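Remember, it's a predicted structure, so these values are computed and weren't measured experimentally. Just so it is clear: chains get the letters A, B, ... in the order the sequence lines come, proteins before strands, and each one is counted from 1.
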There are 2 protein chains.
Amino acid sequence: MTVAFPQSVSVREVGPRDGLQNEDPISTTAKVELIDALSRTGVRRIEAVSFVHPKAIPQMADADDVWSRVRRDPRVRYSALVPNLRGAQRALAAGFTELEVVVSASDTHNRKNINRSTEESLAELPELARLVHDGGGTLQLIVSTAWGCPYEGDVPVERVLWAVGQGVAAGVDSLAFGDTTGMATPTRVTHLVGDTRSAHPAVPLGLHFHNTRGTGLANVYAALQLGVDDFDASVGGLGGCPYAPGASGNIATEELVYMLEDMGIDTGVDLDALLAVAGLAEQLVGRKLDSQVLRAGPRTRTAAS
Amino acid sequence: MTVAFPQSVSVREVGPRDGLQNEDPISTTAKVELIDALSRTGVRRIEAVSFVHPKAIPQMADADDVWSRVRRDPRVRYSALVPNLRGAQRALAAGFTELEVVVSASDTHNRKNINRSTEESLAELPELARLVHDGGGTLQLIVSTAWGCPYEGDVPVERVLWAVGQGVAAGVDSLAFGDTTGMATPTRVTHLVGDTRSAHPAVPLGLHFHNTRGTGLANVYAALQLGVDDFDASVGGLGGCPYAPGASGNIATEELVYMLEDMGIDTGVDLDALLAVAGLAEQLVGRKLDSQVLRAGPRTRTAAS
């Protein structure tokens, strides 16, 4: 069996947004410190903030303030997540040009998350895409609960593909699938990615895995074999899982980078620098994070003999 | 890309041995309780004890006593690990017919572990194999530090293949590779397994991964694609890593079973029963174990909506 892996992978660091959104609130200064430290690791993309209603997610209430204070590195692409038109207007006004809109494939999760049905969220996409494009930006559609919903269980692949089709018709620039509570396994990844590629071969596709059930890097490996070269991860594994106390959330960026670099796949990230930021992240949130590579160090770190 | 996965996988539960060996000592009664509970999960193989010098590994000093009190299930194959001839004699005398001898590919680790060089350990294999076969048993050679050594770092594939070749020449019945401190990544797995298969296509091969750096299940997935259908795992992830305090040890059996069963690969194991035993294991050792599936539950367990 010969498999051609991508030569490089574009890692999007989502710790400052998806990670911190699921931690106890930290200060604006601490958020800026985290983003600035990440900017110096060589990572090429950082999801910096989200523009959501402060009552829904108080952790992101200071998004404008955070962004105005970040020391922006011209080598890094910063993005903002938005749930709707109002959020997109705020993100554009703040100067973001790379926006992501998140819609859950499962109705129950979308209602819990943004208080309307999946269909209602999708119906807004054409206007949202127009707004972002008129503002000189790009819009990614992130379909979350793509491999399962914590309320509904399995989500039919057909439903995910329906949401994707609505986004492509609306003119989004790229797609991503979110494994919101870590329900993906490698064969499920292969199926959904394969079907999406068949339907929309020209649309860039990124994947966002959680390690809630330990399969995060196995899912990445399965996706690499299909040529996927765009993955989200969270420094230190920041975030946890709001549906299962004590369980892991996002795959840890340093675990992703460790595996990819050892496989000869370039990420641009300096692993030692990233591990230092993972240590900083632990200090900022005041708890031990789930990252194994943070605990054990990279394989090149030997014990005193 | 079409990949033929095995239809079923033979899981060897190593929690009572490799797991407990790296925990604070627990009572004989507790060990028997753990093994008996595992016997009722549907798992087909359990590595029950090791016959090592009690000064080297006090956690296994009561191996004879444990084994005499285990309620042996005729559907389960129980095995014992031995470091040398003396251990093999004890294991055979205790009635074991399935023995594993462990030799580290890296000299430093073998010396730390059993106080002699890799070459000295390998030189004993012909006599050891003869002893076991004369006693009506089978002998597996486990080559540990197969993907790296905590003292020496990288271990050349050629050295691992040399150790394997010595074992095959000595007449061992099967082989296993131990990723002692979780230094394997998927491409390294593909290379070593591929080279071993080319050299010894008829010798059964099992793999023993640790999740010390988060790549455990990704390594399993890579090996499945090469047709490997024999994996070790430890209930709850019992064991930890003696070289990195707080880091994970063996891959957790319930994470392995969860992923395999969701991929349609039969293991014979009842996942709910296994999760109950993982909870028991936490109680017996008195600490929170690293298993993600134990924390979050299988993907079929939904939140109250």
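- Of all the listed residues (B/Gly153, B/Ser248, B/Gly148), the one sharing the greatest number of non-hydrogen pairs under 4.5 Å with chain A is B/Ser248.
- When the shell of 6.0 Å around CG of B/Asn115 is examined, it contains 12 or fewer heavy atoms from other residues, nucleotides or ligands.
- The candidate from A/Arg188, A/Lys288, A/Arg301 with the greatest count of non-hydrogen atom pairs under 4.5 Å with chain B is A/Arg188.
- One finds the CE atom of A/Met183 at 8.0 Å from the OG1 atom of B/Thr300 (value rounded to the nearest 0.5 Å).
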Exercise for review: May I have the step-by-step check of side chain to side chain contact (heavy atoms under 4.5 Å, CB included) for B/Tyr221 and A/Thr215, ending in yes or no?
Suggested key: CA-CA 10 Å; B/Tyr221 186 71; A/Thr215 59; over 6 Å; no
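- Here A/Ala247 is the residue among A/Gly264, A/Gly182, A/Ala184, A/Ala247 with the most heavy-atom pairs under 4.5 Å with chain B.
- At a heavy-atom cut-off of under 4.5 Å, chain A is reached by B/Asn211, B/Thr212, B/Arg213, B/Gly214 from residues 201-214 of chain B, listed in order of number.
- Using a 4.5 Å cut-off between heavy atoms, B/Glu254 makes no contact with chain A at all.
- Annotation for A/Ala303 and B/Tyr243: closest pair CB-CD2, 4.3 Å, computed over non-hydrogen atoms.
- In this structure, CE in A/Met263 is found 7.0 Å from OG1 in B/Thr185, a value given to the nearest 0.5 Å.
- Taking B/Glu152, B/Met259, B/Arg295, B/His109 one by one and counting their heavy-atom pairs under 4.5 Å with chain A, the maximum is reached by B/Arg295.
- For the atom pair CG (B/Leu217) and CG (A/Leu217), the distance works out to 9.0 Å, reported to the nearest 0.5 Å.
- In this view, A/Phe177 and A/Trp147 satisfy the ring pair (Phe, Tyr, Trp, His ring centres under 6.0 Å) rule, not counting sequence neighbours.
- The two residues B/Thr187 and A/Phe5 make their nearest non-hydrogen contact at CG2-CE1, 4.1 Å.
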